[in-house]
Chemist: 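Have a look at this one before I ask anything.
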Amino acid sequence: MLKTDKGFLKNKTDIKIFILFLLNNVRYPLRYQEVSDLVLADNVVAEFDFAECFSELVELGHVLELSEPGGTEHAYLISETGMEAAASLEDTLLSSLRKRSLQYAMRYLSLQRRGAKADARIERRPDKQYTVTCTVTERGGVLASFSLTLPTEREARQIREHFLAKPEDVVRSVTAAATGELEYLMNYPIDR
């Protein structure tokens with residue numbers, strides 16, 4: 001059952017369905033930490049509950065544990081029975097939870113899988129303003145980079161936090177503005 005005031009799934013069956021739902025939509029091997037990051041995003045599931053339910057799914061054979069030759073780290077993939085369970089039970093989860101979690105998973109994994117990394121740093125300038133520099137690097141090269149100067153540290157921190165939480169959304173928006181797709185916003189008259 002979903003506890004709406006805190007947003008936690010508490011029922012073990014719901015947590016297992018949620019884990020299978022995410023793995024069924026991803027459908028490629030993930031390390032334990034990657035699965036954990038996806039399931040624990042937005043505080044939908046408590047960490048202890050995730051660990052317990054995930055372990056049970058592996059024991060039941062709904063999630064396969066894969067090991068690389070000579071490797072010490074395991075990867076996990078949903079099994080055929082796990083796919084069947086996810087397909088038949090995912091409708092028991094709230095559609096808003098499914099949609100939000102799947103969007104997060106695709107953003108997280110697309111950056112992770114490409115090897116892209118987002119970084120943002122704040123510097124205080126001599127004029128007492130703050131510059132936040134946001135960068136996305138991919139395989140050693142810079143994919144995107146921009147800097148903004150702001151009057152307060154609070155604004156700079158807010159931009160930094162938003163960029164780190166949603167780097168692809170920010171880069172997509174900056175690109176749209178730079179290519180003129182959002183030109184109407186740039187031409188909007190501002191009376192001062």
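Here the structure is a predicted model, which means the values were calculated and not measured. Sequence positions, counted from 1, serve as the residue numbers for this chain.
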Chemist: Nearest 0.5 angstrom please: D14 CG to L9 CG, how far?
Modeler: 6.0 Å
Chemist: CG/L143 to NZ/K117 distance, rounded to the nearest 0.5 angstrom?
Modeler: 13.5 Å
Chemist: Taking a hydrophobic cluster as the set of Ile, Leu, Val, Met, Phe, Trp and Tyr residues connected by side-chain heavy atoms closer than 4.5 Å, whether directly or through intermediates, do L60 and I78 fall within one such cluster?
Modeler: no
Chemist: In terms of heavy-atom contacts, does CD of E65 have more than 12 from other residues, nucleotides or ligands at under 6.0 Å?
Modeler: yes
Chemist: Determine, using ring centers only, whether Y32 and F50 are less than 6.0 Å apart.
Modeler: yes
Chemist: Would you confirm whether S145, through its side chain, and T135, through its main-chain N or O, come within 3.5 Å as a donor-acceptor pair?
Modeler: no
Chemist: Kindly determine whether E153 and R124 satisfy salt bridge (Lys or Arg N to Asp or Glu O under 4.0 Å), including the steps that lead there.
Modeler: CA-CA 8 Å; E153 184 178 13; R124 187 169 183 191; over 6 Å; no
Chemist: Please list, one pair per line, the donor and acceptor atoms closer than 3.5 Å that link side chains of residues 19-27 to other protein atoms, with sequence neighbours excluded.
Modeler:
unit_1	atom_1	unit_2	atom_2	d
N24	OD1	R27	NE	3.1
N24	OD1	R27	NH2	2.8
N25	ND2	F21	O	2.8
R27	NE	N24	O	2.9

Chemist: So, T149 side chain and Y130 main chain: donor-acceptor pair closer than 3.5 Å or not?
Modeler: no
Chemist: Which pairs, with at least one residue in residues 85-96 and sequence neighbours excluded, count as a side-chain hydrogen bond (donor to acceptor under 3.5 Å, both in side chains)?
Modeler: none
Chemist: Please check if the number of heavy atoms outside E155 that lie under 6.0 Å from its CD is greater than 12.
Modeler: yes
Chemist: Looking at side-chain heavy atoms only, is the closest gap between E123 and V132 below 4.5 Å?
Modeler: no
Chemist: Can you tell me how far the CG atom of L164 sits from the CG atom of D119, to the nearest 0.5 Å?
Modeler: 7.0 Å
Chemist: State, with a plain yes or no, whether a side-chain heavy atom of V63 is found less than 4.5 Å away from one of Y76.
Modeler: yes
Chemist: With a 4.5 Å cut-off on side-chain heavy atoms, are V44 and L97 touching?
Modeler: yes
Chemist: Begin from the C-alpha positions of H62 and S79 and carry the test side chain to side chain donor-acceptor pair (under 3.5 Å) through to its verdict.
Modeler: CA-CA 5 Å; H62 294 313; S79 69; 4.7 Å; no
Chemist: Ignoring hydrogens, what is the shortest heavy-atom contact between T133 and S147? Give both atom names and the distance.
Modeler: OG1-OG, 2.9 Å
Chemist: A side-chain contact here means heavy atoms from C-beta on lying under 4.5 Å apart; do E47 and L40 qualify?
Modeler: yes
Chemist: Do V170 and F146 make a side-chain contact, defined as non-hydrogen atoms from C-beta onward lying under 4.5 Å apart?
Modeler: yes
Chemist: Which value, rounded to the nearest 0.5 Å, describes the distance between K16 atom NZ and D49 atom CG?
Modeler: 11.0 Å
Chemist: Mind checking whether V58 and L64 have side chains closer than 4.5 Å, heavy atoms only?
Modeler: no
Chemist: Could you check if a side-chain atom of R31 sits within less than 4.5 angstrom of a side-chain atom of H74, using non-hydrogen atoms only?
Modeler: no
Chemist: With the side chain counted from C-beta on, respond yes when F163 and V136 share a heavy-atom pair under 4.5 Å apart, and no when they do not.
Modeler: yes
Chemist: Output the distance between atom CD1 (I159) and atom CG (L148), rounded to the nearest 0.5 Å.
Modeler: 5.0 Å
Chemist: Same hydrophobic cluster for L94 and I17, using side-chain heavy-atom links shorter than 4.5 Å among ILVMFWY?
Modeler: yes
Chemist: Closest approach of L150 and A156, non-hydrogen atoms and distance?
Modeler: CD1-CA, 3.5 Å
Chemist: To the nearest 0.5 Å, what is the distance between OG1 on T152 and CZ on R157?
Modeler: 8.0 Å
